[in-house]
Amino acid sequence: MKKVNYFQPYCLKTLMTPSFEDQILALREVINRYNLHYYTHDEPIITDAEYDRKIQQLRQLESENPEFKTPDSPTQKVGGAVLSAFSKVNHEIPMLSLGNVYSAEELEAFVERLNNRLDTRDDLLFCVEPKLDGLAISLLYVKGHLLRAATRGDGRIGEDVTHNIKTIKNIPLTLKGQHIPELIEIRGEVVMPLADFNAYNQVAEQQGQKRFANPRNAAAGSLRQLDSKITATRPLAFYSYGIGQVSSEALPDSHYQRLLQIKAWGLPLSQEVERQGSVQGCLNYYHSILQKRDNLPYEIDGVVYKIDDIKLQEKLGFVSRAPRWATAHKFPAQEEQTLLLDVEFQVGRTGAITPVAILEPVFVGGVTVSRASLHNKDEIARLGLSRGDTVVIRRAADVIPQVTSRLAEKNPHFEAIIFPDLCPVCQSELEQIADEATIRCSAGLFCAAQRKQAIQYFSSRKTMNIDGLGEKVVEQLVDADLISTPADLYGLHADQLVELERMGPKKAENLINAIHQSKQTTFARFLLAMGIREVGEATVNNLTEHFLTLQRLQQADKEALQAVDDVGEVVAQHIIHFFRQSHNVEVIEALLEAGIHWPQLTAKPQKSLPLSGKTYVLTGTLTQMKRNEAKVLLQTLGAKISASVSAKTDCVVAGESAGSKLLKARELGIAIIDEEQLQVLLASLQNSTG
Ligand code: 5U1
């Protein structure tokens, strides 16, 4: 790794410690700058975790030195300024922010304060909710119709985003049901569901377009579009969490009951909202939601505890920027900032060159991270990276850590990261296929990095399952020139292996036996072991069931390949390309000659089930049943389930907050049903098949 010569941040060390007033003024200045970037430009220059630490520091200093407290301090305000592109909206009732607690002790102290103010020792009842990480929005319904939607802005004045909000599919334009007040303002959060966020970024990456740093930026950026046609293409969703203005007094006295009433009028409510009657109950809720965090459809950054009794809420009132009757209990941060030390360029099994950031270790999302993906050349250019930059690392929901943005101004003395011109392993030329963001080494199995990974993949558990042939052994075998293709494995002898490091005679013999045993396999395993680009387990199963023999598959043309489920033009092209390359054919022949064999497959008898021959795609969130349950039920009725929408799809089941797949189905004129219609279909077909 290169030695990095960093410029120290310019901090003038004075001999005198700054006065409390100076410290407060300096903190206010930086926090105001962070606020401007975050709220007004949707471009944070600091992580939430770092921001929260700064605000806490300022709050502490102000509470210990109340003589310096001023109403314009960022501790006394919510949010940012209003962008001029949208017209302004006055919030009749300010849209407030929330105070935070970070531990059981802080929660106990919060509840203690409530008990003292209410002059009671009784257990208090809380409405407990997930804290969605999106954009706070106010929806004004007059006579049941959505009249206006606005962002929070600075809490008093927001931006009118009605046109954009009206493109969000789960926001009703008209409320349904009874006792709808003449005027009611619903408040909640607009988010980009995680599945849609990941899918959006994947497509953006493939097309070399700008990725969103996180789901909240994605939601905010989508709502800030001046052209609502663009917003309409973004998969956004809304979840309610409260009521602002309301013309009627006839609402329940419980916050929880109010939320249920809002839901009955047709507005979305998180399924995780419930009530707890004690501090321990709140803590149990916190831990159970923290556990579920990665499986929820949206990103959350904590939970919210709210006094449930509206009368008690009114009694407790507000402090300057937050209600006294509610607090957020924050989860450990999923984003942190750290230093970029260097970038390594890795060569993958298919030759893809992936830049990997080498970082000063940082604790994020529950683990210490020292490496993070940088995806491709375009991503480095988008981030404008240099060694020594401060970057944001995101590690969320089991996703590998990623660098999402660069913080702070550019230091011109830092050394820019340059993508290499040649393969960093074999020095061969690099190539880039049109419309693909990935750059690849052109040398195929002649590149040692690709060779090692291809052999490793060939012998892994899901493919030829050769026990004892791990990464290190493959590396040694290739480096010692004992093997250069998977077929060479079958010519190895135990006496060659004992020469390797940490390989005794027993281990060598076991490995030779494992290699021998792997000769008896299945067509699907063998095909998967070939490592054809974009041909994973599901596609391999479809291909082998369809063609039954290797010979028929090798001879298939593009049309024949595309007749197979899940095989589109691109995958068909990859398969044809693979079998056209003479060195691949030679390796296959050598493997068969070495004795690899599998049982001959026979065509499955066609059962006539009501959905035989039909391809279904499930998208969005199902609320009445699990997605897997729906999948299995459809499959037992004969349907094929596909992950993507294409001209071969017969029907798309669109659950809540369905996004890009739903749009594609509409574009292609494919039948679309919702969850209710799916239930009716399943019930009628199950009855008809007895
Ligand atoms: N779930 C939830 N999120 N959230 C955010 N409730 C909730 N309430 C909020 C905010 C800012 O504020 C009210 C308590 C005023």
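When a ligand or atom number is given, it counts from 1 through the structure's own listing order.
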ask   = Taking atom types as modelled, is there a side-chain donor on Glu129 or Ser270 under 3.5 Å from an acceptor on the other?
value = no
query = Would Thr404 and Glu335 count as having a side-chain donor-acceptor pair, cut-off 3.5 Å?
reply = no
ask   = Do Glu92 and Arg148 meet the salt-bridge criterion of a basic N to acidic O distance under 4.0 Å?
value = no
Quick test: of every protein heavy atom, which one is nearest to [atom], and how far off is it to 0.1 Å?
atom: atom 6 (N) of ligand 1; value: Lys306 NZ, 2.8 Å
atom: atom 9 (C) of ligand 1; value: Tyr241 CE1, 3.5 Å
atom: atom 10 (C) of ligand 1; value: Leu98 CD1, 3.5 Å
atom: atom 15 (C) of ligand 1; value: Pro323 CG, 3.9 Å

query = Crowded around Glu67 CD? As in, over 12 foreign heavy atoms under 6.0 Å?
reply = yes
List ligand 1 atoms under 4.0 Å from [X], heavy atoms only on the residue side.
X: Leu96; result: 11 (C)
X: Glu129; result: 1 (N), 2 (C), 6 (N)
X: Pro130; result: 1 (N)

request  = I would like to know whether Arg224 and Glu159 meet salt bridge (Lys or Arg N to Asp or Glu O under 4.0 Å); could you show each step before the answer?
outcome  = CA-CA 9 Å; Arg224 287 272 169 84; Glu159 299 150 12; 3.1 Å; yes
ask   = If only atom types and distance count, is the side chain of Trp265 paired as donor or acceptor with the main-chain N or O of Gln178 below 3.5 Å?
value = yes
query = So which bit of Met95 gets within less than 4.0 Å of ligand 1, heavy atoms only: side chain, backbone, both or neither?
reply = neither
query = For ligand 1, is there an N or O atom under 3.5 Å from any N or O atom of Arg152?
reply = no
query = Parallel, tilted or perpendicular: which fits the ring planes of Phe110 and Phe126, with parallel below 30° and perpendicular above 60°?
reply = tilted
